[in-house]
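First the structure, in the form of structure tokens, and then the observations on it.
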Amino acid sequence: MPFQLASVDDRAVLIANDGVYDLERHSDGRFTSDPMQALANHAGLHDVAKGLGSQPDSLLSDVSLGVCVPRPQKVFGIGLNYKSHIEESGMEPPKSPVVFTKFPSCLTGPEGDIVIFGPTTDWEVELVVVIGTRARDIPAADAWGAVAGLTCGQDVSERTTQFAAKPPHFDLAKSFDSYGPIGPAVVSLDSFANSADLALSCDVNGERKQEARTSDLLFDVPALITYLSGICTLQPGDMIFTGTPSGVGATSGTFLKPGDEVVSTIEGIGTMTNRCVER
Ligand code: ZN
């Protein structure tokens, strides 16, 4: 039975059929209210999801979802990982993954406001991989086994900050507070017909800006897990923002400003709607 793990008021919840179920209450104490503990024991979430019944604690439409992975140890970002985005950036395809850090303090939820910290704040819709186990030196053939689920993310980036130094400040420019919306939920892999081929898109103020499929990733999910786990021991809740396709604002010189609405969607995962607000 697939699961969708989210959070409401800092408590882990499962989402099923537009209903929200408190995880601690519906697991007879097998799980605590901490989403991080749930991710580390994600195999058991399938059983809880199976027994949820038809009496949710609330309706999805009546709650505000928080950050589904609130305290990851590590959040990796991957640059230049779609051919279309490499072309629009005028760069050469990288020979090994281009990796940077988004500091966990940048995370916000699927309805969180994006606080505009600079005049060249840009959108980047991305598939986000959520690790579900302690993982070291994982071969590509076993890599999906290290994944708890997938979610959607926005790798919001302040381009002036990014290119203020040489080499560029990827880490800082992508780690302003609120520049990492994720959600709406961590969706288990058995939810997808093919977890390696999902449509993703980004609309700003109702205008389609980005549209691609994750099968176009240059370094796919197994390749990224193999590469990163050969360097760092991955931990449950660690995340990989896998890169963005073409259509970012920098290409056309259009950037986010207070009042804008960013809608990010991934097939089988759902939609985030984030409003831009003044600092
Ligand atoms: Zn990115």
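Every number for a ligand or one of its atoms is a count from 1 in the order of the listing.
When the N, O or S atoms of Asp155 are ranked by distance to the Zn ion (ligand 1), OD2 comes first. Glu126 contributes atom OE2 as its closest N/O/S atom to the Zn ion (ligand 1). The Zn ion (ligand 1) lies closest to atom OE1 when only the N/O/S atoms of Glu124 are considered.
In this pair, Tyr179 and Phe117 present their aromatic rings perpendicular. The plane angle is above 60°, beyond the 30 to 60° band.
Applying the side chain to side chain contact (heavy atoms under 4.5 Å, CB included) test between Asp34 and each of Arg71, Arg11, Glu24 identifies Arg71 as the sole match.
Here the CZ atom belonging to Phe219 is positioned 13.5 Å from the CD1 atom belonging to Ile240, to the nearest 0.5 angstrom.
Here Glu124 pairs with Arg159 in a salt bridge; the nearest charged N to carboxylate O distance falls below 4.0 Å.
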